[in-house]
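Since the structure is predicted, the reported quantities are computational estimates derived from the model, not experimental observations. Position 1 is the first residue of the sequence; numbering continues from there.
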Amino acid sequence: AAQLDIDPSLCFGDDGGAVGESIGLEKGFKTMWNPPAVDNMMARNDEQSLKALGEAYKGAVDAIGFQNLAPKKIQDTLRQGGTFVFKGDRPLLDHVDAKVGDNCEIEDILFVLN
């Protein structure tokens with residue numbers, strides 16, 4: 001959050017996955033295999049965008065270290081997440097990722113913020 005100049009108190013990370021488990025987010029190896037999502041991700045990435053992604057990843061490693069880019073417990077990397085936007089205690093957006101690549105559309109997020 002600090003690197004993006006966002007107030008950290010406005011962000012939430014579920015280290016350990018307790019909240020994810022309480023709301024029924026999927027976990028485990030079965031959630032990681034989604035061929036249509038992988039195909040879609042590869043179709044929208046060209047050599048330039050993949051190079052930019054690699055450079056961004058390297059920049060993150062250089063800035064905070066490799067160990068800080070993943071959850072402390074390796075089993076937490078096999079956990080799906082979601083996008084949840086609130087205004088106070090009122091939910092504006094609730095998107096649960098069913099599998100890898102099933103991310104919330106940025107347009108949906110921007111719509112509820114406007």
Side-chain angles (χ1 to χ4, degrees):
Q3 290 176 345
L4 298 174
D5 199 27
I6 298 172
D7 180 357
S9 69
L10 299 176
C11 301
F12 174 76
D14 188 17
D15 196 23
V19 174
E21 287 188 23
S22 74
I23 62 174
L25 296 181
E26 294 291 326
K27 65 180 180 177
F29 190 73
K30 69 183 183 306
T31 67
M32 303 307 288
W33 183 245
N34 185 1
V38 173
D39 291 343
N40 287 337
M41 286 187 289
M42 292 308 293
R44 66 179 178 250
N45 290 308
D46 57 17
E47 182 177 346
Q48 181 180 358
S49 64
L50 291 173
K51 183 177 179 183
L53 179 63
E55 289 171 354
Y57 185 80
K58 183 183 181 317
V61 169
D62 291 346
I64 65 172
F66 181 76
Q67 292 296 328
N68 293 322
L69 290 177
K72 290 174 180 49
K73 296 179 183 174
I74 193 67
Q75 65 265 29
D76 287 340
T77 63
L78 299 176
R79 182 182 303 279
Q80 294 306 309
T83 303
F84 308 95
V85 179
F86 293 86
K87 183 169 188 172
D89 62 357
R90 184 171 57 97
L92 302 178
L93 177 68
D94 176 354
H95 175 88
V96 175
D97 301 343
K99 294 197 176 287
V100 168
D102 180 31
N103 306 104
C104 186
E105 295 293 332
I106 190 70
E107 292 83 6
D108 295 343
I109 298 168
L110 295 173
F111 178 78
V112 300
L113 295 175
N114 289 320

Excluding sequence neighbours, so at least two apart, what forms side chain to side chain contact (heavy atoms under 4.5 Å, CB included) with Ser22?
Val19
Drop me the distance from Asn103's CG to His95's NE2, to the nearest 0.5 angstrom.
6.5 Å
Quick one: pull up CD1 in Ile109 and CD1 in Ile106 and give me the separation to the nearest 0.5 Å.
4.5 Å
Connected hydrophobic set around Leu53, excluding itself, where side chains approach under 4.5 Å:
none
Closest contact, heavy atoms only, Cys104 versus Thr83:
CB-OG1, 3.5 Å
When the side chains of residues 87-94 are checked against the rest of the protein, which donor-acceptor pairs come out under 3.5 Å, sequence neighbours left out?
none

For Glu105, give me all partners under side chain to side chain contact (heavy atoms under 4.5 Å, CB included), at least two apart in sequence or on another chain.
Glu107, Asp108
Could you tell me whether Phe86 atom CZ has more than 12 heavy atoms of other residues or ligands within 6.0 Å of it?
yes
Which pairs, with at least one residue in residues 60-71 and sequence neighbours excluded, count as a salt bridge (charged side-chain N to carboxylate O under 4.0 Å, His left out)?
Lys58-Asp62
